[in-house]
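Here's a structure for you.
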Amino acid sequence: MPPTTAQLNKDLALRAFETLFNQRNFDAAATMWSPDYIQHSTHIAPGRAGLFDRVRAAPTTFRYQNALAVAEGDYVVLHGRFSGDGGARPMIVANILRIEDGRLAEHWDVIQDEATSQESKSGLPMIGDHFLAIT
């Protein structure tokens with residue numbers, strides 16, 4: 001049975017995030033992000049150029065770790081952790097992506113700092129099965 005559009009879109013989003021944030025392969029990433037990319041994040045300048053410039057400006061330790069990917073139709077939600085950007089804590093982010101013509105076309109996000117074990121009222125980490133050592 002061939003993969004569904006939702007599965008293909010999820011695979012694209014995961015591959016695109018790995019390529020841009022972890023491999024920092026801007027040429028390959030440019031084939032996965034639309035030239036007309038719409039960026040709704042308040043932390044990133046407009047368009048694909050704004051996103052790529054943000055990644056170029058980040059330390060080489062900047063990484064994305066995905067924990068959950070959900071897709072329906074043209075939309076994909078990635079829930080994961082951005083770390084190594086020089087901030088006090090990793091960021092836990094729900095990235096909402098719209099796919100059009102086989103490329104990431106639009107992005108929204110919901111961001112929060114990662115909680116420590118002392119701050120977690122549930123006693124559970126936000127990503128994975130253990131807390132990161134956050135100083």
Side-chain angles (χ1 to χ4, degrees):
M1 187 159 132
T4 64
T5 298
Q7 184 62 51
L8 291 170
N9 287 341
K10 184 167 59 169
D11 293 346
L12 168 66
L14 289 166
R15 191 171 64 254
F17 271 50
E18 175 66 24
T19 301
L20 180 62
F21 297 110
N22 297 339
Q23 296 173 5
R24 298 171 79 100
N25 184 337
F26 296 96
D27 291 335
T31 68
M32 294 178 238
W33 264 270
S34 170
D36 301 319
Y37 178 70
I38 301 167
Q39 177 63 263
H40 294 274
S41 177
T42 62
H43 298 85
I44 301 171
R48 182 173 76 181
L51 174 62
F52 286 19
D53 288 347
R54 166 69 174 93
V55 176
R56 281 187 184 95
T60 58
T61 54
F62 188 55
R63 294 283 179 274
Y64 177 72
Q65 175 190 0
N66 193 73
L68 177 68
V70 179
E72 184 171 329
D74 293 335
Y75 290 88
V76 176
V77 177
L78 300 180
H79 180 250
R81 172 190 291 128
F82 285 98
S83 62
D85 71 344
R89 295 183 185 206
M91 297 177 296
I92 304 300
V93 181
N95 294 283
I96 303 149
L97 303 152
R98 184 177 61 80
I99 312 299
E100 182 178 279
D101 297 329
R103 290 185 171 193
L104 281 67
E106 196 164 6
H107 171 265
W108 301 260
D109 55 30
V110 180
I111 302 171
Q112 69 183 103
D113 289 340
E114 185 156 9
T116 65
S117 59
Q118 294 79 20
E119 294 167 333
S120 175
K121 292 188 187 303
S122 70
L124 298 172
M126 298 174 82
I127 300 284
D129 60 1
H130 66 279
F131 287 92
L132 289 184
I134 301 172
T135 56

Here the pair of heavy atoms bringing Phe131 nearest to Ser120 is CZ-CB, 3.7 Å

Rounded to the nearest 0.5 angstrom, the CD1-CD distance for Ile127 and Gln65 is 7.0 Å

Q) With side chains defined as the heavy atoms from C-beta onward, is the minimum distance between Asp36 and Glu100 less than 4.5 Å? A) no

Side chain to side chain contact (heavy atoms under 4.5 Å, CB included) between Thr19 and Trp33, intermediate numbers included
CA-CA 11 Å; Thr19 301; Trp33 264 270; 5.8 Å; no

Q) With a 4.5 Å limit on heavy-atom distance, are the side chains of Met91 and Asp85 in contact? A)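 Side chain of Met91 against side chain of Asp85, heavy atoms only: contact under 4.5 Å found.
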
message: Is there a path of hydrophobic side-chain contacts, each under 4.5 Å between heavy atoms of I/L/V/M/F/W/Y residues, joining Leu132 to Ile92?
response: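 No, because Ile92 and Leu132 fall into different hydrophobic clusters, even though each may have its own neighbours under 4.5 Å.
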
Interatomic distance, CZ@Arg98 vs NE2@His40, rounded to 0.5 Å, equals 8.0 Å

_In terms of relative ring orientation, are Tyr64 and Phe17 parallel, tilted or perpendicular, with 30° and 60° separating the classes?_
perpendicular

Inset, instruction - Please lay out, stage by stage, how Leu14 and Lys10 fare under the test side chain to side chain contact (heavy atoms under 4.5 Å, CB included). - result: CA-CA 6 Å; Leu14 289 166; Lys10 184 167 59 169; 4.1 Å; yes

Shortest non-hydrogen pair, Leu104 vs Ala13, comes out as CD1-CA, 4.4 Å

Taken to the nearest 0.5 Å, the spacing of Thr116 OG1 from Arg89 CZ works out to 5.5 Å

Of all heavy-atom pairs linking Arg63 and Thr60, the shortest is NH1-O, 2.9 Å

Worksheet item: If only atom types and distance count, is the side chain of Thr61 paired as donor or acceptor with the main-chain N or O of Gly84 below 3.5 Å?
Response: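 Answer holds: yes.
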
Looking only at heavy atoms, the pair that brings Ala69 and Leu78 closest together is CB-CD2, 3.5 Å

Heavy atoms of Ser83 and Pro90 approach each other most closely as CB-CB, 4.0 Å

**Prompt:** Measuring from Asn66:CG to Arg81:CZ, what's the distance to the nearest 0.5 Å?
**Reply:**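 Nearest 0.5 Å value for the CG-CZ distance: 11.0 Å.
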
Which atom pair, heavy atoms only, marks the closest approach of Ala71 to Ala6?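 Looks like CB-O, 3.2 Å.
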
- Side-chain heavy-atom pair Gln39, Pro46 within 4.5 angstrom cut-off: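 The answer is no; the side chains never approach within 4.5 Å.
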
Taking atom CD as the centre, does Glu72 end up with more than 12 heavy-atom neighbours from other residues, nucleotides or ligands that are less than 6.0 angstrom away?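 Not more than 12 within 6.0 Å, no.
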
### Query
Does a side-chain heavy-atom distance below 4.5 Å link Arg48 with Leu51?
no

Hydrophobic cluster identity match, Met126 and Val70, side-chain contacts under 4.5 Å: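 No: no chain of side-chain contacts under 4.5 Å links Met126 to Val70.
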
* Asked: Can you find a pair of side-chain heavy atoms, one from Phe21 and one from Val55, that are under 4.5 Å apart?
  -> yes

Taken to the nearest 0.5 Å, the spacing of Ile99 CD1 from Met32 CE works out to 11.5 Å

Could you tell me if Arg24 sits above the aromatic ring of Phe62, with its cationic atom closer than 6.0 Å to the ring centre and no more than 45 degrees from the axis?
no

message: Does any part of the side chain of Phe26, heavy atoms only, come nearer than 4.5 Å to the side chain of Leu20, both counted from C-beta?
response: yes

Do Trp108 and Val77 come close enough that some side-chain heavy atom pair is under 4.5 Å?
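Counting from C-beta outward, Trp108 and Val77 never come under 4.5 Å.
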
dist Asp109:CG -> Thr42:OG1 (nearest 0.5 Å) comes out at 6.5 Å

**Hydrophobic cluster membership, Tyr37 vs Leu12, 4.5 Å side-chain cutoff** =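 Cluster IDs for Tyr37 and Leu12 match.
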
Notebook entry, point to check: Do the non-hydrogen side-chain atoms of Ser41 and His107 ever get within less than 4.5 Å of each other?
Noted result: yes

